[in-house]
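Both backbone and side-chain heavy atoms feed into the values below; hydrogens, waters and symmetry mates do not. Computed from a prediction, not measured in an experiment: that's the story for all the values here.
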Amino acid sequence: DCEVLVIGSPTYYFDVCGHLKNFIDRSYSLYHRRKLAGRKAVAVAVCANKGGARTIETLEGFLNSHEFSYLGWVRGKGYLEGEITKDQKGLKRAQEIGDKIVQLLKPHD
């Protein structure tokens with residue numbers, strides 16, 4: 001029932017974590033009836049150094065398969081607590097996507 005699904009994962013071995021992969025696999029029952037089609041979504045990945053792009057690809061595959069209206073992605077780099085705040089490119093992208101969501105959900109008078 002959400003207006004925008006923000007789905008994300010840490011990157012483990014160049015892909016989504018196992019818990020999220022289980023979630024994706026278990027959503028298969030919704031696929032044939034197009035229960036998620038048209039809903040809005042954003043993909044988010046965090047990685048220490050490499051593999052974040054592949055994590056985003058997996059999330060995009062899930063969202064595209066279910067025909068979500070895809071609003072974009074955010075990928076951040078960081079390993080230790082708080083380190084993500086040093087990723088200026090990732091923070092800028094997160095701000096842009098956040099602004100997009102706010103504009104989308106803002107009441108249009």
Side-chain angles (χ1 to χ4, degrees):
D1 292 336
C2 65
E3 294 183 56
V4 177
L5 173 67
V6 178
I7 188 166
S9 177
T11 299
Y12 296 156
Y13 297 100
F14 293 85
D15 213 336
V16 297
C17 68
H19 294 291
L20 188 57
K21 183 63 169 94
N22 284 341
F23 171 81
I24 289 169
D25 290 348
R26 290 177 181 158
S27 74
Y28 185 72
S29 64
L30 304 173
Y31 173 77
H32 294 289
R33 291 179 281 148
R34 296 290 180 244
K35 289 286 194 175
L36 303 175
R39 296 171 188 261
K40 295 163 187 61
V42 173
V44 178
V46 178
C47 63
N49 188 19
K50 297 179 181 177
R54 174 69 179 124
T55 299
I56 293 292
E57 287 176 13
T58 298
L59 295 172
E60 287 175 335
F62 163 72
L63 297 173
N64 289 332
S65 293
H66 284 285
E67 298 178 3
F68 276 85
S69 175
Y70 188 50
L71 302 178
W73 55 269
V74 176
R75 183 176 66 228
K77 290 187 178 183
Y79 180 71
L80 300 174
E81 183 178 341
E83 204 172 58
I84 196 80
T85 60
K86 297 175 186 171
D87 180 2
Q88 294 303 310
K89 188 176 177 182
L91 292 175
K92 183 177 185 246
R93 180 82 176 178
Q95 182 68 53
E96 291 168 356
I97 293 292
D99 290 345
K100 189 181 220 181
I101 293 170
V102 168
Q103 287 300 332
L104 182 71
L105 299 180
K106 191 180 279 187
H108 299 286
D109 296 329

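Taking each heavy atom of L59 and G8 in turn, the nearest pair found is CD1-CA, 4.2 Å. Shortest non-hydrogen contact noted between H66 and S27 is NE2-OG, 3.0 Å. Between I7 and F62, the shortest heavy-atom distance links the atoms CD1-CE2, 3.8 Å.
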Would you tabulate the side-chain donor-acceptor contacts of residues 35-52 under 3.5 Å, counting partners in other chains and residues two or more places apart, or write 'none'?
unit_1	atom_1	unit_2	atom_2	d
R39	NE	K35	O	3.4

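The cluster map of Ile, Leu, Val, Met, Phe, Trp and Tyr, joined by side-chain heavy atoms under 4.5 Å apart, puts V16 and F23 in the same cluster. I84 and L80 are members of different hydrophobic clusters when ILVMFWY side chains are connected at heavy-atom separations under 4.5 Å. No path of Ile, Leu, Val, Met, Phe, Trp and Tyr side chains, each step under 4.5 Å between heavy atoms, connects L104 with W73, placing them in separate hydrophobic clusters. Both I101 and V74 belong to a single network of hydrophobic side chains, linked directly or stepwise wherever heavy atoms of I, L, V, M, F, W or Y lie under 4.5 Å apart.
The CZ atom of R54 sits 10.5 Å away from atom CD of E60, with the distance rounded to the nearest 0.5 Å. The distance from atom NZ of K77 to atom OG1 of T11, rounded to the nearest 0.5 Å, is 10.0 Å. R93 contributes atom CZ, which lies 5.0 Å from atom CD1 of I97 (distance to the nearest 0.5 angstrom). To the nearest 0.5 angstrom, T58 atom OG1 is 9.0 Å from L20 atom CG. Distance check, rounded to the nearest 0.5 Å: CD of Q95 to NZ of K92 gives 10.5 Å. The distance from the OG1 atom of T85 to the CD atom of E81 is 10.5 Å, given to the nearest 0.5 Å.
Judged by a 6.0 Å distance limit and a 45° cone about the ring axis, R34 is positioned over the six-membered ring of Y31.
Side-chain contact, Q103 with D99: no donor N or O sits under 3.5 Å from an acceptor N or O.
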